[in-house]
Number of protein chains: 2
Amino acid sequence: MPPADPVPAFHAHDHAQCSDSMLARAEALAAERGVRLTPVRRRVLELLLEQHRALGAYEVLDRLAAEGFGRQPPVAYRALDFLVEQGLAHRVARLNAFAACMHPGEPHAPVFLICRSCNAVAEAGGDSLRRALEVEAATQGFAVERSSIEALGQCSACRGAAA
Amino acid sequence: MPPADPVPAFHAHDHAQCSDSMLARAEALAAERGVRLTPVRRRVLELLLEQHRALGAYEVLDRLAAEGFGRQPPVAYRALDFLVEQGLAHRVARLNAFAACMHPGEPHAPVFLICRSCNAVAEAGGDSLRRALEVEAATQGFAVERSSIEALGQCSACRGAAA
DNA sequence: CTTGACACGTTACGTTATTACATACATCTC
DNA sequence: GAGATGTATGTAATAACGTAACGTGTCAAG
Ligand SMILES: [Zn+2]
Ligand SMILES: [Zn+2]
Ligand SMILES: [Zn+2]
Ligand SMILES: [Zn+2]
């Protein structure tokens with residue numbers, strides 16, 4: 001098996017650049033698709049990109065309200081829904097929370113690794129995993145349409161710290 | 001690959017026997033572990049076993065209340081938490097709901113196939129899938145502790161009906 | 001300039017889950 | 001059996017998450 005791309009979430013990296021490049025890709029995709037990355041939507045994406053972790057809708061909402069945007073739940077949910085629809089963010093069901101997508105534009109089924117110590121959320125490229133799921137499902141005659149694969153555990157840094 | 005065990009949820013089977021045998025296994029496991037399968041807990045497990053689908057906590061609660069048990073949320077949540085801790089049920093994050101485990105006692109990572117037409121929930125044996133996830137995670141230095149794999153789609157029966 | 005689509009804002013409500021505390025009950029010790 | 005202890009059950013109250021319905025502002029097409 002070829003080594004998978006290292007996922008930035010669990011490793012030191014130039015996060016400003018990481019975040020900026022995601023934003024740029026989002027702008028490009030929005031333009032290309034003729035959808036509007038409005039101030040609220042853009043700001044929500046920025047918030048999700050601040051750290052490699054998932055934010056609850058109300059956490060997002062508080063930040064928005066503090067910055068002069070609306071302070072009612074639909075404001076946050078609409079922006080989040082937009083980002084999810086456009087594949088710029090994912091919902092992490094296990095956490096009732098949302099995380100920026102690290103592979104926008106590339107169709108993919110997300111695989112999340114969630115560190116229970118530092119709360120970092122990494123989106124692994126799970127192509128082989130996804131195929132394994134489809135095969136497994138096919139043996140039952142089941143046709144997969146959407147899937148969520150989420151693992152809770154500990155990242156290498158936190159495991160090192162614990163030892 | 002050896003064919004996976006067929007999952008009962010999507011196929012005609014003697015469900016009374018299916019359900020009874022799960023209950024019996026639950027009783028045996030509880031005895032073995034010295035934990036108590038009290039009336040509420042047992043009843044909740046029975047409810048989950050009635051059909052191969054997931055029940056919301058409040059759906060469970062309504063049934064309990066109608067039968068003379070407590071009518072406040074903790075009554076349902078505590079019983080459900082107990083069952084989950086003992087590996088007799090799983091939480092289906094995507095549905096905010098709970099399903100009886102079809103492999104109690106055997107340590108396993110649950111893989112759920114959720115039919116969006118008939119709402120049936122099948123727990124597939126996902127050993128290969130689980131290993132694939134662990135391998136994927138390991139390349140990132142991540143140690144998986146708990147995982148949930150959930151697929152939304154259509155079962156063979158519903159797909160046949162649609163055509 | 002009008003029209004229509006869309007985004008944003010609000011109010012109000014529905015659903016899911018937890019905290020905190022009181023009561024009942026089984027089990028162990030004496 | 002009486003008393004102490006831990007566990008299970010019950011309640012009220014509230015927190016956290018999510019949606020429906022409706023009005024207003026903005027902007028581009030006609
Ligand atoms: Zn980064
Ligand atoms: Zn993604
Ligand atoms: Zn059955
Ligand atoms: Zn199971």
Side-chain angles (χ1 to χ4, degrees), chain A residues 26-27 30-31 33-48 53-86 88-99 119 121 148 150, chain B residues 26-27 30-31 33-48 53-86 88-99 114 119 148 150:
Chain A
E27 301 267 22
R33 292 173 188 167
V35 298
R36 297 181 356 186
L37 195 58
T38 62
V40 208
R41 293 168 175 176
R42 191 192 151 97
R43 186 62 189 133
V44 170
L45 181 55
E46 285 173 8
L47 292 173
L48 295 184
R53 69 179 196 88
L55 294 187
Y58 280 67
E59 213 170 336
V60 168
L61 182 56
D62 286 348
R63 298 282 305 268
L64 289 178
E67 294 173 14
F69 294 98
R71 52 185 59 258
Q72 303 305 322
V75 172
Y77 280 103
R78 281 197 287 239
L80 290 165
D81 288 348
F82 169 85
L83 294 174
V84 169
E85 269 162 29
Q86 294 300 320
L88 300 172
H90 296 290
R91 170 171 203 140
V92 186
R94 212 176 166 108
L95 303 177
N96 287 336
F98 300 82
N119 292 310
V121 170
S148 43
E150 301 172 3
Chain B
E27 301 267 21
R33 292 172 187 167
V35 298
R36 299 181 358 192
L37 194 59
T38 62
V40 208
R41 294 169 175 175
R42 190 192 152 98
R43 186 63 189 131
V44 170
L45 181 54
E46 286 173 7
L47 292 174
L48 296 183
R53 67 179 197 91
L55 294 188
Y58 280 70
E59 212 170 337
V60 168
L61 183 56
D62 286 348
R63 299 282 305 267
L64 290 178
E67 296 174 14
F69 293 98
R71 50 185 60 258
Q72 302 305 321
V75 172
Y77 281 103
R78 279 196 289 239
L80 289 166
D81 288 349
F82 169 85
L83 294 174
V84 169
E85 270 162 29
Q86 294 300 320
L88 301 173
H90 297 291
R91 166 168 205 142
V92 186
R94 220 177 158 105
L95 302 178
N96 288 336
F98 300 82
I114 306 161
N119 293 309
S148 43
E150 301 172 5

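Not measured: the values here are computed from a predicted model. All chains are named by letter (A, B, ...) in the order of the sequence lines, taking the proteins before the strands, and each is independently numbered beginning at 1.
Per the geometry, CG belonging to A:L64 stands 12 Å off C1' belonging to C:dC8, to the nearest Å. Here D:dT9 presents its C1' atom at 10 Å from CZ of B:R41, a figure rounded to the nearest Å. The CG-C1' distance, from B:L83 to D:dA8, rounds to 14 Å in whole Å. Note: CG (A:N96) to P (C:dT15) measures 16 Å, nearest angstrom. Per the geometry, CZ belonging to B:R43 stands 19 Å off C1' belonging to D:dG10, to the nearest Å. Going from atom CZ of A:F82 over to atom P of C:dC6 covers 13 Å, rounded to whole Å. Residue B:L61 contributes atom CG, which lies 14 Å from atom C1' of C:dT18 at whole-angstrom precision. In this structure, CZ of B:R94 is placed 19 Å from P of D:dC17, rounded to the nearest angstrom.
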Side chain to side chain contact (heavy atoms under 4.5 Å, CB included), that's the test. Do A:L95 and A:N119 meet it? Break it down for me.
CA-CA 10 Å; A:L95 303 177; A:N119 292 310; over 6 Å; no
Please step through side chain to side chain contact (heavy atoms under 4.5 Å, CB included) for the pair A:F82 and A:V35, ending with a clear verdict.
CA-CA 10 Å; A:F82 169 85; A:V35 298; 3.9 Å; yes
Stepwise side chain to side chain contact (heavy atoms under 4.5 Å, CB included) test for A:Y58 and A:Y77:
CA-CA 9 Å; A:Y58 280 67; A:Y77 280 103; 3.6 Å; yes
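Stacking between A:Y58 and D:dC17 is shown: the ring centroid lies under 5.5 Å from the centre of the six-membered base ring, and the planes differ by under 30°.
Looking at A:E150, its side chain does come within 3.5 Å of a backbone N or O of A:A93 through a donor-acceptor pair. With hydrogens and angles disregarded, a donor-acceptor distance shorter than 3.5 Å links the side chain of A:R41 to the backbone of A:R36. In this structure a side-chain-to-backbone donor-acceptor pair under 3.5 Å is present from B:R33 to B:Q86.
For the atom pair CG (A:L48) and CG (A:L80), the distance works out to 6.0 Å, reported to the nearest 0.5 Å. If you take CG on B:L88 and CZ on B:F98, they are separated by 13.5 Å, rounding to the nearest 0.5 Å.
Taken residue by residue, residues 69-78 of chain B places heavy atoms nearer than 4.0 Å to DNA chain C at B:P73, B:P74, B:Y77.
Annotation: of the two residues near DNA chain D, A:D81 and B:V35, the 5′-most nearest-nucleotide partner is B:V35.
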What one-letter contact string describes nucleotides 23-28 of chain C from 5' to 3', where B marks a base within less than 4.0 Å of any protein heavy atom, S marks contact via sugar-phosphate atoms alone, and - marks no contact?
---S--
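Applying the salt bridge (Lys or Arg N to Asp or Glu O under 4.0 Å) test to A:R53 and every residue at least two apart in sequence or in another chain returns A:E59.
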